[in-house]
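Chain letters run A, B, ... following the sequence lines, proteins first and then strands; every chain starts at 1.
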Protein chains: 2
Amino acid sequence: MTRAGVTVDRLTRAAAELADEVGYENVTVSALARRFGVRDASLYSHIRSAHDLRVRVAALALTELADRAAAALAGRAGKDALVAFANAYRDYANQHPGRYAAMQMDLDADSVAAPAARRHAEMTRAILRGYRLAEPDQTDAVRMLHSTFHGFVSLERTGGFRHHPRGSDASWARALDALDALLRAWPQ
Amino acid sequence: MTRAGVTVDRLTRAAAELADEVGYENVTVSALARRFGVRDASLYSHIRSAHDLRVRVAALALTELADRAAAALAGRAGKDALVAFANAYRDYANQHPGRYAAMQMDLDADSVAAPAARRHAEMTRAILRGYRLAEPDQTDAVRMLHSTFHGFVSLERTGGFRHHPRGSDASWARALDALDALLRAWPQ
DNA sequence: ATCGGTTGCCTAGTAGCACTAGGCTAGCGC
DNA sequence: GCGCTAGCCTAGTGCTACTAGGCAACCGAT
């Protein structure tokens, strides 16, 4: 019998696909093993636990999103950069809901996802380059931006906006306009 | 043998307490049954499923939060109202993390939580009374407010802010100032 | 006061999940 | 070709959700 060729990377990528297909909370070791045509117990020589697997998916997602954010920000500044980043963020969340959900898990500083989380945080802070804010305003601003992006995407995904005829794209564009105006006026 | 006296309401309240203590994702029918000193199977004459139980917790939380929001908004307008609502929202989330997590679940329009969700939405919209916005700006603004509140609280809870010395209270106050300025300037 | 019927709780059982222990062998390095 | 590592296996534990069917506590009607 030839072997299935399971590796941690292949497991993580498959788990991320599974998360997008069936939802993050339905990513199980058993389902993943089925997808590889092996028994669930066989996966424990590659991953330590189900939690370990989910952390790896979170790290993958954070890295992918940081890559997209970096691409979106390249060569842009000010509102251009803000809008490009925000759209990259929202698009990623809607294209990869399972991966996005994984990103929201509690990640302690010593996990394998820590470098990815740090890089993601750096990219978010890079939006502000064009607005020239000093500390601690910069931190407050980046927290506000991240909150708005995450909150909007999260409510959009859980259906918070669907009971009203106003399209969420329009509200999103308006929110970005508002954030830009806010950042320009921030120092007061 | 005297009976345990389980009712749907007592189950829901106990499940909400359990959620706050051990986390929303760890609310199980078995754990709840243990808390009442009965077998897990016995609960299925009161609730239809674990999902049904979680929806009831969500409805309870939405109602409680709407009550707090109503109390916070009573007799206030403008920034006063905004800050009071926002603090009621954030305090509730931090005092009742499990209930708050339950609120974020997908609730279809025909669930038992629908009236509570509607009431919660109405309270959020009531913040804007003092700012006199017409549609569709009102909808855009209420979505932006809700996004910011939820996003901030959510990131705060999952530890997104803890790797930076700047206190989250200060960033929160700054975000509320910013939102107030935004709403006053909204019509442009 | 007793008698029915309802319903609250029970036992028993199925099936899926995470995870451990220990065995076998494929396929690599020598 | 030989041995060792590492990948996959079976077997088993215990927790979870949930169903079927039984018994007895309690409620209302006579």
Side-chain angles (χ1 to χ4, degrees), chain A residues 1-60 98 101-102 105-108 111-113, chain B residues 1-60 98 101-102 105-108 111-113:
Chain A
M1 195 60 181
T2 173
R3 294 185 177 180
V6 172
T7 66
V8 185
D9 283 347
R10 289 188 61 200
L11 278 181
T12 305
R13 282 197 300 270
E17 285 168 26
L18 192 60
D20 290 335
E21 289 167 23
V22 303
Y24 173 65
E25 68 283 356
N26 297 320
V27 173
T28 66
V29 176
S30 311
L32 195 57
R34 247 172 266 134
R35 186 160 288 213
F36 277 86
V38 298
R39 299 289 175 167
D40 56 342
S42 306
L43 298 190
Y44 288 92
S45 40
H46 303 280
I47 55 169
R48 248 189 300 169
S49 63
H51 178 259
D52 175 43
L53 177 67
R54 293 193 185 103
V55 171
R56 287 175 194 279
V57 174
L60 173 68
M105 67 183 300
D106 255 307
L107 297 171
D108 28 327
S111 84
V112 297
Chain B
M1 196 61 183
T2 174
R3 294 185 178 179
V6 173
T7 66
V8 185
D9 282 346
R10 289 188 61 202
L11 278 181
T12 305
R13 282 197 300 271
E17 286 168 27
L18 192 60
D20 290 337
E21 288 166 24
V22 302
Y24 174 66
E25 67 282 358
N26 296 319
V27 174
T28 67
V29 177
S30 312
L32 196 57
R34 247 172 266 133
R35 186 161 287 215
F36 277 87
V38 299
R39 300 288 177 170
D40 56 342
S42 306
L43 298 190
Y44 288 93
S45 40
H46 302 281
I47 56 170
R48 248 189 299 171
S49 63
H51 179 259
D52 175 42
L53 177 66
R54 294 193 185 104
V55 170
R56 287 176 193 279
V57 173
L60 173 68
M105 67 183 298
D106 256 308
L107 297 171
D108 27 325
S111 83
V112 297

**Q** Whole angstroms only, please: what is the CZ-P distance between A:R35 and D:dC8?
**A**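 Checked: the CZ to P distance equals 17 Å.
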**Q** Test side chain to side chain contact (heavy atoms under 4.5 Å, CB included) on A:T7 and A:L11; report intermediate values, then the result.
**A** CA-CA 6 Å; A:T7 66; A:L11 278 181; over 6 Å; no
**Q** In whole Å, what is the span from the CG atom of B:L32 to the C1' atom of D:dT16?
**A**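 From B:L32 CG to D:dT16 C1': 14 Å.
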**Q** Please report, rounded to the nearest Å, how far the P atom of D:dA6 is from the CG atom of A:L11.
**A**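 From A:L11 CG to D:dA6 P: 17 Å.
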**Q** So, does A:S42 use its side chain to make a donor-acceptor pair with the main chain of A:V38 at under 3.5 Å?
**A**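 No; zero donor-acceptor contacts below 3.5 Å.
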**Q** Strictly under 3.5 Å: I want the nitrogen or oxygen pairs between protein and nucleotides 10-12 of chain D, one per line.
**A**
from   : atom 1 : to    : atom 2 : distance (Å)
D:dT10 : OP2    : A:R39 : NE     : 3.2

**Q** Report yes or no: does A:R54 contribute a side-chain atom to a donor-acceptor pair with the main-chain N or O of A:V27 at less than 3.5 Å?
**A**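 Yes; at least one donor-acceptor contact below 3.5 Å.
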**Q** The side chain of B:V38 is closest to which nucleotide in this list: C:dC19, D:dT19, C:dC9?
**A**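 Closest nucleotide to the B:V38 side chain: C:dC9.
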**Q** Is there a residue in residues 48-60 of chain A whose heavy atoms reach under 4.0 Å of DNA chain C, and which residues are they?
**A**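 Within residues 48-60 of chain A, the residues near DNA chain C are A:S49, A:A50.
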**Q** How many whole angstroms separate atom CZ of A:F36 from atom P of D:dC9?
**A**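 Going from A:F36 (CZ) to D:dC9 (P), I get 13 Å.
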**Q** With a 4.5 Å limit on heavy-atom distance, are the side chains of A:H46 and A:R10 in contact?
**A**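 No, too far: nothing below the 4.5 Å cut-off.
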**Q** Does C:dG8 have its OP1 or OP2 closer than 4.0 Å to a side-chain nitrogen or oxygen of B:R10?
**A**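 Answer is no, no contact under 4.0 Å.
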**Q** Of all heavy-atom pairs between B:S49 and B:Y44, which one has the smallest distance, and what is that distance?
**A**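 Minimum heavy-atom separation between B:S49 and B:Y44: CA-CE2, 4.2 Å.
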**Q** How close do B:V57 and B:A15 get, counting heavy atoms only, and between which atoms?
**A**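 That closest heavy-atom pairing would be CG2-CB, 3.6 Å.
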**Q** Is a side-chain N or O of A:D52 found less than 3.5 angstrom from the main chain of A:I47, in a donor-acceptor match?
**A**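 No: the side chain of A:D52 does not pair with the backbone of A:I47.
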**Q** Enter the distance from B:L18:CG to B:N26:CG here, rounded to the nearest 0.5 Å.
**A**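 So the CG of B:L18 and the CG of B:N26 are separated by 8.5 Å.
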**Q** Of all heavy-atom pairs between B:R56 and B:V112, which one has the smallest distance, and what is that distance?
**A**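 Looking at all heavy atoms of both residues, the shortest contact is CG-CG2, 4.2 Å.
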**Q** Given the rule in the salt bridge (charged side-chain N to carboxylate O under 4.0 Å, His left out) test, do B:E21 and B:R35 qualify, once you have shown the distances and angles that lead to the verdict?
**A** CA-CA 13 Å; B:E21 288 166 24; B:R35 186 161 287 215; 2.8 Å; yes
**Q** In this structure, how many angstroms lie between the C1' atom of C:dC19 and the NE2 atom of A:H46, rounded?
**A**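 Rounding to the nearest Å, NE2 of A:H46 and C1' of C:dC19 are 15 Å apart.
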**Q** Could you state the CG-C1' distance from A:L43 to C:dC17, rounded to the nearest angstrom?
**A**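 Rounding to the nearest Å, CG of A:L43 and C1' of C:dC17 are 13 Å apart.
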**Q** So does B:A33 get a backbone contact from the side chain of B:D40, meaning a donor-acceptor N/O pair under 3.5 Å?
**A**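 Between the backbone of B:A33 and the side chain of B:D40 there is no qualifying donor-acceptor contact (under 3.5 Å).
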**Q** Looking at residues 18-31 of chain B, who's got a heavy atom less than 4.0 Å off DNA chain D?
**A**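 Contacting residues: B:T28, B:V29, B:S30.
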